[in-house]
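Working notes, beginning with the structure itself.
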Protein chains: 2
Amino acid sequence: MAAVNALRTGVMRLSRRLRHQRVDESLSPTEMSVLGTLARCGSATPSELARKEHVQPPSMTRIVAMLEAKGLVRLEPHPEDRRQKTVTQTERAESMLAASREKRNAWLAELAGQLDEDEWARLAAAAPVLEKLAHS
Amino acid sequence: MAAVNALRTGVMRLSRRLRHQRVDESLSPTEMSVLGTLARCGSATPSELARKEHVQPPSMTRIVAMLEAKGLVRLEPHPEDRRQKTVTQTERAESMLAASREKRNAWLAELAGQLDEDEWARLAAAAPVLEKLAHS
DNA sequence: CGTAACTCATTACCTAGGCTAAAGAACAGC
DNA sequence: GCTGTTCTTTAGCCTAGGTAATGAGTTACG
């Protein structure tokens with residue numbers, strides 16, 4: 001049961017540091033996360049994205065608007081429901097993701113330096129579970 | 001290298017959910033975290049706490065003021081440096097921590113229901129590493 | 001000594017990134 | 001066709017952090 005405690009405080013503190021040492025200065029972590037989701041799922045409507053990111057629809061409206069303003073995302077009318085919109089990545093988003101993957105690897109290298117191999121393996125093993133938990 | 005990606009988004013999303021589904025309604029996650037630190041380390045000065053929680057001193061001033069207003073923490077003049085103050089938990093904080101540990105276990109039970117044993121073991125194994133990372 | 005430089009806590013103000021409530025447009029079922 | 005429901009957006013709020021500047025106390029050095 002002590003593990004829950006450690007998990008909770010570890011996640012909270014690390015998220016604060018992640019938010020701060022963000023890989024790409026111009027994009028918030030949630031914006032990055034949305035781009036990642038779009039890269040995986042192709043296009044989606046704003047409310048689908050909101051559900052996937054566990055964010056309320058109005059928040060997603062703003063995030064998508066930001067991404068559109070930065071030219072990373074395109075908004076098109078939904079083919080069969082005129083209330084909805086479809087959000088798709090632009091080519092620019094793809095190249096930006098690629099570039100930031102580069103930086104992320106540098107950050108990783110520094111990070112991994114502080115951990116021994118076993119510790120890093122544990123993190124890697126837990127990462128998908130964290131994602132599952134975050135989504136469930 | 002995909003693991004970093006998963007780790008980052010997992011931590012960010014889970015932290016958002018944690019912040020929302022907080023175990024104790026009256027205390028923010030960071031306040032809980034400070035109490036936990038105090039429980040481990042005994043008393044500390046505000047700037048020591050700020051360093052440990054990776055927060056700027058002004059933020060810690062406010063957090064400590066909150067905790068004091070809620071009667072969870074006592075502020076005393078530092079014995080040998082009149083600029084500083086020492087922050088110590090009250091008895092009330094201890095019993096509150098105990099009570100919230102109770103609730104946390106209930107949340108854990110629900111959580112563990114969604115995971116199989118292996119997944120849970122991975123989280124437990126990674127938790128201390130997360131803490132180390134958050135502190136380093 | 002005494003003064004200059006530094007450190008700790010605090011104050012005042014700002015920003016980011018969420019939220020809820022409400023409204024307008026489009027759809028679906030009766 | 002109405003009525004209720006769903007999707008997005010707008011408006012306004014709140015929380016939790018940050019920076020810059022201040023005041024009091026301490027330390028180092030001339």
Side-chain angles (χ1 to χ4, degrees), chain A residues 9 11-22 24-35 43-70 73-88 134, chain B residues 9 11-22 24-35 43-70 73-88 134:
Chain A
T9 70
V11 166
M12 289 310 303
R13 285 202 269 241
L14 189 56
S15 80
R16 197 156 46 228
R17 301 202 71 189
L18 269 173
R19 195 171 288 278
H20 214 244
Q21 305 190 356
R22 63 182 53 164
D24 187 300
E25 295 301 325
S26 64
L27 248 52
S28 83
T30 307
E31 289 171 337
M32 281 296 289
S33 187
V34 169
L35 286 186
S43 59
T45 70
S47 38
E48 280 168 357
L49 287 174
R51 275 191 294 273
K52 282 181 186 166
E53 300 292 328
H54 287 290
V55 152
Q56 294 302 308
S59 305
M60 191 48 71
T61 293
R62 227 183 347 182
I63 293 166
V64 166
M66 275 293 180
L67 291 174
E68 193 190 20
K70 288 170 186 162
V73 123
R74 221 183 345 260
L75 277 170
E76 284 152 358
H78 192 282
E80 38 194 57
D81 183 343
R82 279 185 297 167
R83 291 171 302 179
Q84 304 185 52
K85 296 180 178 174
T86 63
V87 186
T88 44
Chain B
T9 70
V11 165
M12 289 310 303
R13 285 202 268 241
L14 189 55
S15 81
R16 196 155 47 227
R17 301 204 71 191
L18 269 172
R19 195 172 289 278
H20 213 247
Q21 305 190 358
R22 65 183 53 166
D24 187 299
E25 295 301 326
S26 64
L27 248 51
S28 83
T30 306
E31 288 171 336
M32 280 296 288
S33 186
V34 169
L35 284 186
S43 59
T45 70
S47 36
E48 280 168 358
L49 287 174
R51 275 190 295 272
K52 282 181 185 165
E53 300 292 328
H54 287 290
V55 152
Q56 295 303 307
S59 305
M60 190 49 72
T61 293
R62 221 170 356 169
I63 292 165
V64 165
M66 275 291 180
L67 290 174
E68 193 189 20
K70 287 172 186 162
V73 123
R74 220 182 347 260
L75 277 170
E76 283 151 0
H78 192 281
E80 37 194 58
D81 184 343
R82 280 185 296 169
R83 289 170 303 180
Q84 304 186 50
K85 295 180 178 173
T86 62
V87 186
T88 44

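Residue numbers start from 1 in every chain, and the chains themselves are labelled A, B, ... in the order their sequence lines are given, proteins ahead of strands. FYI, side chains are in, hydrogens and waters are out, and symmetry mates aren't considered; it's all heavy atoms of this structure.
Applying the salt bridge (charged side-chain N to carboxylate O under 4.0 Å, His left out) test to residues at least two apart or on different chains, none of the pairs has a partner in residues 54-66 of chain A.
By the side-chain contact (heavy atoms from CB on, under 4.5 Å) test, B:Gln84 is found to be paired with B:Thr45, B:His78, B:Asp81, residues two or more places apart in sequence or in another chain being considered. Residues satisfying the salt bridge (Lys or Arg N to Asp or Glu O under 4.0 Å) test with B:Arg74, not counting sequence neighbours, are B:Glu76, B:Glu91. Evaluation of the side-chain contact (heavy atoms from CB on, under 4.5 Å) rule for B:Ser43 yields B:Thr88 as partners, not counting sequence neighbours. Taking B:Thr61 as the reference, nothing meets the side-chain hydrogen bond (donor to acceptor under 3.5 Å, both in side chains) condition, with sequence neighbours excluded. For B:Thr86, the side-chain hydrogen bond (donor to acceptor under 3.5 Å, both in side chains) test picks out no residue, with sequence neighbours left out. Not counting sequence neighbours, B:Glu80 has no partner by the salt bridge (Lys or Arg N to Asp or Glu O under 4.0 Å) test.
Taken from CG in A:Leu67 to CD in A:Glu31, the straight-line distance is 5.0 Å, to the nearest 0.5 Å.
Looking at B:Lys70, its side chain never comes within 3.5 Å of a backbone N or O of B:Leu27 through a donor-acceptor pair.
Computed from coordinates, the A:Glu53 CD to C:dG18 P distance equals 9 Å when rounded to whole Å. Note: CG (A:Leu27) to C1' (C:dG17) measures 14 Å, nearest angstrom. For the pair A:Arg82 CZ and C:dA26 P, the interatomic distance rounds to 6 Å; values are reported in whole Å.
For DNA chain D, the contact window with chain B, defined by any atom under 4.0 Å from a protein heavy atom, covers D:dA16 to D:dT26 in 5' to 3' order.
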A correct 5'-to-3' footprint of nucleotides 6-12 of chain C, with B, S and - meaning base, sugar-phosphate only and no protein heavy atom under 4.0 Å, is -BSSBB-
Check residues 49-56 of chain B and write down every donor-acceptor pair under 3.5 Å in which the side-chain atom is one partner and the other belongs to a residue at least two apart or another chain.
unit_1	atom_1	unit_2	atom_2	d
B:Glu53	OE1	A:Arg13	NH1	3.0
B:Glu53	OE1	B:Ser33	OG	2.8
B:Glu53	OE2	A:Arg13	NH1	2.9
B:Glu53	OE2	B:Thr37	OG1	2.6
B:His54	NE2	B:Ala134	O	2.8

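End-to-end axis angle of the helix from C:dC1-D:dG30 to C:dC30-D:dG1, using five pairs per end and rounding to 10°, comes to 10°.
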